[in-house]
Peer 1: 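Below: one structure in structure tokens.
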There are 2 protein chains.
Amino acid sequence: MPLQSDSDNKSDSDNPRDLPSGENLDRDARALYDALNQLIRVHQFRDRDRICGYDLSVAQCYALETLVHQGPLRLQGLASVMYLDKSTASRVVDALVRKGHVDRIADPADRRAALIRPTVQGEALYQTIRADLIAEERAMLEGLTPDMRQAALTLIRQLTQAAHRRCGPGPGGLSPVQNET
Amino acid sequence: MPLQSDSDNKSDSDNPRDLPSGENLDRDARALYDALNQLIRVHQFRDRDRICGYDLSVAQCYALETLVHQGPLRLQGLASVMYLDKSTASRVVDALVRKGHVDRIADPADRRAALIRPTVQGEALYQTIRADLIAEERAMLEGLTPDMRQAALTLIRQLTQAAHRRCGPGPGGLSPVQNET
DNA sequence: TCATTTACGTTGCTAGTACCAACTAAACTG
DNA sequence: CAGTTTAGTTGGTACTAGCAACGTAAATGA
């Protein structure tokens, strides 16, 4: 995680205004909220559109992706990576099993548990979809210089990290996400 | 596709590496795909969590937001801004009407049509939720310098614009202009 | 060892999302 | 005034999402 460019912290003095930085932070937070909102909606829509062409829902595709990247997982693990209730995860897996993209195998360590694993077909399908979606990203990046692309990556990752920190251990984390209000 | 490529598409000479720019682009596209994926999932989850505390679904909140920002809309307009089928939009509006956040008023210009308009209560609720979500963004921005925050905004907006161009007339776009590319 | 408790996953329930298709009613078109 | 188009609703189906209630298996403990 390169948290780079503390060296450029001079920007406070660059700023001709005499606003305290807190006000700028508020303004930026509002702007970021709106900008991210737009970005997320447009991506959600586009992903749905793309993925549905492969007879897969977005949640199913995300589950498949998780299993391809992280290897066989138990239902609990999959559910917590996806921020879902185990019952929802179970039904998503049902659909993937029905479509032949995933199978459940017995967990040798625990006869209650099942490991969920992508099939060869499922893995291939995921790679196809991934290539398709990456082509979309490439098209979007075409107008940006390499420098800007790097900056975009860094920033998006930082925002994601910050969000993770505030959401508890999310995707990649296996601890259960439960709201104890 | 006139993306706003500033000056040169072929800034190979800018790049100190000897990789052709296409390879870097591929690599960046993959990285961007993964990074955006993470960001979007985490945001989706967080928004759902936050919004549900106000007895509103995410789609309902988005519809309310659209109506607050854009003023009274017809169902068609709302549906196209939300990238939804009109039937889905109709049911989302039903829910909002039931909860008292929105009402349908007759369109004087067309007796078939109805204008959908947030109620005072709905507007207040949206502002509350918005403030809540913006506070989240602010917390995420705290670790970034003002420069980086500005850069993040610019980049996220550019990515959104690029995605819009590829998705046809999207949110904010009420223009019936279909893809002419 | 047997009873209790805890954990894993499934299923029933309810609400919401999302699309297509069919429908009513109003508005345009000739 | 037909005939067509447009606005919105409703029916049907599949999926998403969470809670609660299971059955079964493992862990705990007396």
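Numbered from 1 within each chain, the chains take letters A, B, ... in sequence-line order. FYI, side chains are in, hydrogens and waters are out, and symmetry mates aren't considered; it's all heavy atoms of this structure.
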Peer 1: Using the C1' atoms of the five pairs at each end, what is the angle between the end axes of the helix from C:dT1-D:dA30 to C:dG30-D:dC1, to 10°?
Peer 2: 0°
Peer 1: May I have the step-by-step check of side-chain contact (heavy atoms from CB on, under 4.5 Å) for A:I116 and A:L73, ending in yes or no?
Peer 2: CA-CA 5 Å; A:I116 303 151; A:L73 286 178; 5.6 Å; no
Peer 1: In whole angstrom, what separates B:D94's CG from D:dG11's C1'?
Peer 2: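 To the nearest whole Å, that distance equals 14 Å.
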Peer 1: Nucleotides 19-22 of chain C: which of its N/O atoms have a protein N/O under 3.5 Å away?
Peer 2:
{"residue": "C:dC19", "atom": "OP2", "partner": "B:D85", "partner atom": "N", "Å": "3.0"}
{"residue": "C:dC19", "atom": "N4", "partner": "B:R91", "partner atom": "NH2", "Å": "3.3"}
{"residue": "C:dC20", "atom": "N4", "partner": "B:S87", "partner atom": "OG", "Å": "2.9"}

Peer 1: For the residue pair B:R157 and A:A35, what are the closest heavy atoms and their distance?
Peer 2: CG-CB, 4.2 Å
Peer 1: Is it true that the NZ or CZ of A:R41 lies under 6.0 Å from the centre of B:Y83's six-membered ring and within 45 degrees of the ring axis?
Peer 2: no
Peer 1: Nearest whole Å is fine: how far is D:dT9 P from B:Q76 CD?
Peer 2: 10 Å
Peer 1: Phosphate oxygens OP1/OP2 of D:dT16: is one of them under 4.0 Å from a side-chain N or O of A:Q60?
Peer 2: yes
Peer 1: Are B:Q121 and B:K99 linked by a side-chain donor-acceptor pair shorter than 3.5 Å?
Peer 2: no
Peer 1: Going by heavy atoms closer than 4.0 Å, what residues in residues 50-59 of chain B are next to DNA chain C?
Peer 2: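 Residues of residues 50-59 of chain B under 4.0 Å from DNA chain C: B:S57, B:A59.
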Peer 1: For A:A114, give me all partners under side-chain contact (heavy atoms from CB on, under 4.5 Å), at least two apart in sequence or on another chain.
Peer 2: A:R104
Peer 1: Checking B:H101 against B:Q60 for the side-chain contact (heavy atoms from CB on, under 4.5 Å) test, could you report, in this order, the C-alpha distance in whole Å, the side-chain angles of both residues, the deciding distance, and whether it holds?
Peer 2: CA-CA 10 Å; B:H101 304 315; B:Q60 287 161 15; over 6 Å; no
Peer 1: Nearest heavy atom decides the nucleotide; on that basis, is A:R74 or B:K99 closer to the 5' end of DNA chain C?
Peer 2: A:R74
Peer 1: Just checking A:A114: base, sugar-phosphate only, or nothing, at a heavy-atom cut-off of under 4.0 Å?
Peer 2: sugar-phosphate
Peer 1: Atom CG of A:L78 to atom P of C:dC8: distance rounded to whole Å?
Peer 2: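 Nearest whole value for this atom pair: 14 Å.
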Peer 1: Calculate the interatomic distance between B:L73 atom CG and D:dA7 atom C1'; express it in whole Å.
Peer 2: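 About 14 Å, once rounded to whole Å.
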Peer 1: So what does B:A89 touch, heavy atoms closer than 4.0 Å: a base, only the sugar-phosphate, or nothing?
Peer 2: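 Nothing: the residue B:A89, judged by heavy atoms under 4.0 Å, touches no strand.
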Peer 1: Apply the side-chain contact (heavy atoms from CB on, under 4.5 Å) test between A:E123 and each candidate in A:L64, A:V68, A:T128; give the one that qualifies.
Peer 2: A:V68
Peer 1: Can A:D85 and A:S87 be counted as having a side-chain donor-acceptor contact under 3.5 angstrom?
Peer 2: yes
Peer 1: Quick one: does A:T66's side chain have a donor or acceptor within less than 3.5 Å of a partner on A:Y62's backbone?
Peer 2: yes
Peer 1: Under the 3.5 angstrom rule, does the side chain of A:T160 hit a backbone N or O of B:Q38 as a donor-acceptor pair?
Peer 2: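 Looks like no, no N/O pair under 3.5 Å.
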Peer 1: Given 3.5 Å as the limit, does a donor-acceptor pair link the side chain of B:S90 with the main chain of B:K86, or not?
Peer 2: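 A pair under 3.5 Å: no.
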Peer 1: Following the transitive rule for hydrophobic clusters with a side-chain heavy-atom cut-off under 4.5 Å over Ile, Leu, Val, Met, Phe, Trp and Tyr, establish whether A:L115 and A:V102 coincide in one cluster.
Peer 2: no
Peer 1: Mind checking what makes ring-ring contact (aromatic ring centres under 6.0 Å, His included) contact with A:Y33, not counting sequence neighbours?
Peer 2: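 With neighbours one apart ignored, the set is empty.
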Peer 1: Could you check A:H43 against B:L159 for side-chain contact (heavy atoms from CB on, under 4.5 Å), going step by step and ending with a plain yes or no?
Peer 2: CA-CA 10 Å; A:H43 265 257; B:L159 291 175; 5.6 Å; no
Peer 1: For DNA chain C, determine which residues of residues 106-113 of chain B have any heavy atom closer than 4.0 angstrom to one of its atoms, and list them numerically.
Peer 2: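 The stretch gives B:D110, B:R111, B:R112 as the residues lying under 4.0 Å from the strand, ordered by number.
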Peer 1: For A:R98 and C:dT10, what is the distance between atoms CZ and P respectively, to the nearest whole Å?
Peer 2: 13 Å
Peer 1: Within this structure, what is the CG-to-C1' distance between A:L96 and D:dC15, rounded to whole angstrom?
Peer 2: 12 Å
